[in-house]
Amino acid sequence: MSRTAFVTGGTRGIGRAITERLVADGYKVAAGYAGNEAAAEACAKDLGVLIIKGNVGDFEACAAAVRKAEEALGPIDVLVNNAGITRDAMLHKMQLQQWNEVIQANLTSLFNMTRQVIDGMRERGFGRIVNISSINGQKGQMGQTNYSAAKAGLIGFTKALAQENAKKGITVNAIAPGYIDTEMVQAVPQNVLEGIISSIPVGRLGSASEIARCVAFLAADDAGFITGATLTVNGGQYIAT
Ligand code: CAA
């Protein structure tokens, strides 16, 4: 049976690698995106997936996106809450807007998207929800009070939702990537990035495909006993218990 997945932020960076991996594994995939049309069209063309534009911070937009995906592909079995943004600044320089944008896109989005699919998953007795956190939600990061708070909050959301749905065949897990070679990480000031890379025991940035394989692992039908977990994937930079 071919399962259906929705990957938010699924047309660029880690999300694109997740989309690619799930397609390769035989899933029907809807890839959400916020505004980069060129990347979305390339994703649709290269991978043959359905691309759906919408803001994950907006509840009604999420409802519309999931409706569109389900009409085209069938009920969503796997939701990957991957979309995220950074608005880095030291707290003493951070504006309320930078705080709000990150909380909305990286944390409220989990409610907005998951609320659209959870009833169907419960009715069908199967679901896989994978939330993409970050090393910086686990250890904190200077310049990222907003992002670290959202990514840590996502782990709490994951644990609570896992408990609520364990009896319904639905697993809910988080992945906490370290620094992955994406546009988001390349936007970090070069001198700061060099310092970060030197603190990674494996000695390099991770690749998006290394996160995608973890999503595939957690999304699988035979991963039903793994729930409420956070999978740490950071090259040894932070060894979380
Ligand atoms: N590690 C070590 N030192 C850091 C640092 C970091 N991540 N970020 C900032 N610093 C240091 C700077 O080198 C600087 O030190 P000195 O005064 O000794 O030179 C000091 O902190 C102040 O930094 P800035 O002069 O850059 O101050 P600023 O106000 O202009 O900018 C900042 C601050 C916005 C935090 C900027 O330094 C920055 O963008 N840092 C990177 C933050 C970061 O790591 N973001 C992760 C983005 S990737 C991501 O989020 C994906 C993921 O999940 C891992």
Side-chain angles (χ1 to χ4, degrees), residues 7-19 21 32-36 39 56-57 80-110 113 129-158 173-215 218 229-240:
V7 184
T8 69
T11 62
R12 287 200 293 147
I14 291 175
R16 160 123 188 183
I18 294 169
T19 297
R21 173 67 193 241
Y33 71 104
N36 187 326
V56 288
V80 185
N81 285 309
N82 163 76
I85 59 170
T86 53
R87 297 286 182 267
D88 292 357
M90 302 293 196
L91 185 80
H92 58 272
K93 297 182 188 170
M94 190 179 286
Q95 304 301 311
L96 179 61
Q97 188 181 349
Q98 292 173 297
W99 173 268
N100 283 339
E101 283 177 4
V102 169
I103 298 298
Q104 197 77 17
N106 297 10
L107 184 58
T108 307
S109 58
L110 269 74
M113 283 301 296
I129 298 171
V130 183
N131 300 319
I132 306 300
S133 180
S134 164
I135 184 175
N136 294 342
Q138 296 174 301
K139 72 170 184 57
Q141 171 59 51
M142 60 195 298
Q144 288 200 307
T145 50
N146 49 4
Y147 187 88
S148 298
K151 293 297 189 180
L154 175 154
I155 291 174
F157 175 98
T158 298
N173 294 289
I175 296 172
Y179 283 75
I180 306 300
D181 193 4
T182 59
E183 284 171 41
M184 182 185 274
V185 165
Q186 291 300 347
V188 170
Q190 201 52 38
N191 61 323
V192 173
L193 188 57
E194 281 164 15
I196 291 169
I197 294 172
S198 70
S199 74
I200 303 173
V202 166
R204 61 172 175 83
L205 296 173
S207 75
S209 63
E210 289 173 307
I211 304 304
R213 79 186 298 276
C214 299
V215 173
L218 292 171
T230 298
L231 188 52
T232 293
V233 192
N234 63 30
Q237 189 186 353
Y238 180 72
I239 315 256

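We're numbering straight along the sequence, starting at 1. Just so it is clear, the model here is predicted, and its values are computed rather than measured. When a ligand or atom number is given, it counts from 1 through the structure's own listing order.
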| query | Which residues satisfy the side chain to side chain donor-acceptor pair (under 3.5 Å) test with Asp181, sequence neighbours excluded? | reply |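 Only Gln186 meet the side chain to side chain donor-acceptor pair (under 3.5 Å) criterion with Asp181.
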
| Excluding sequence neighbours, so at least two apart, what forms side chain to side chain donor-acceptor pair (under 3.5 Å) with Asn136? |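 Partners of Asn136 under the side chain to side chain donor-acceptor pair (under 3.5 Å) test: Lys139, Gln144, Tyr179.
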
| message | My understanding is that only residues two or more places apart in sequence, or in another chain, count here; which of them pass salt bridge (charged side-chain N to carboxylate O under 4.0 Å, His left out) with Arg12? | response |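 Partners of Arg12 by the salt bridge (charged side-chain N to carboxylate O under 4.0 Å, His left out) criterion, ordered by chain and then number, come out as Glu183.
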
What does the contact table look like for ligand 1 (nitrogen or oxygen on each side, cut-off under 3.5 Å)?
{"unit_1": "ligand 1", "atom_1": "7 (N)", "unit_2": "Gln141", "atom_2": "NE2", "d": "2.6"}
{"unit_1": "ligand 1", "atom_1": "29 (O)", "unit_2": "Lys93", "atom_2": "NZ", "d": "2.7"}
{"unit_1": "ligand 1", "atom_1": "44 (O)", "unit_2": "Tyr179", "atom_2": "OH", "d": "3.0"}
{"unit_1": "ligand 1", "atom_1": "45 (N)", "unit_2": "Asp88", "atom_2": "OD2", "d": "2.8"}
{"unit_1": "ligand 1", "atom_1": "50 (O)", "unit_2": "Gln144", "atom_2": "NE2", "d": "2.9"}
{"unit_1": "ligand 1", "atom_1": "53 (O)", "unit_2": "Ser134", "atom_2": "OG", "d": "2.7"}
{"unit_1": "ligand 1", "atom_1": "53 (O)", "unit_2": "Tyr147", "atom_2": "OH", "d": "2.7"}

| Are any non-hydrogen side-chain atoms of Thr11 and Thr19 less than 4.5 angstrom apart? |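 They are not in side-chain contact.
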
| Given side chains that start at C-beta, do those of Gln237 and Ile196 come closer than 4.5 Å, heavy atoms only? |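 In contact.
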
| query | Do you know which of Glu101, Gln98, Gln97 makes side-chain hydrogen bond (donor to acceptor under 3.5 Å, both in side chains) with Arg87? | reply |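 It is Glu101, the one option of Glu101, Gln98, Gln97 that forms the side-chain hydrogen bond (donor to acceptor under 3.5 Å, both in side chains) with Arg87.
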
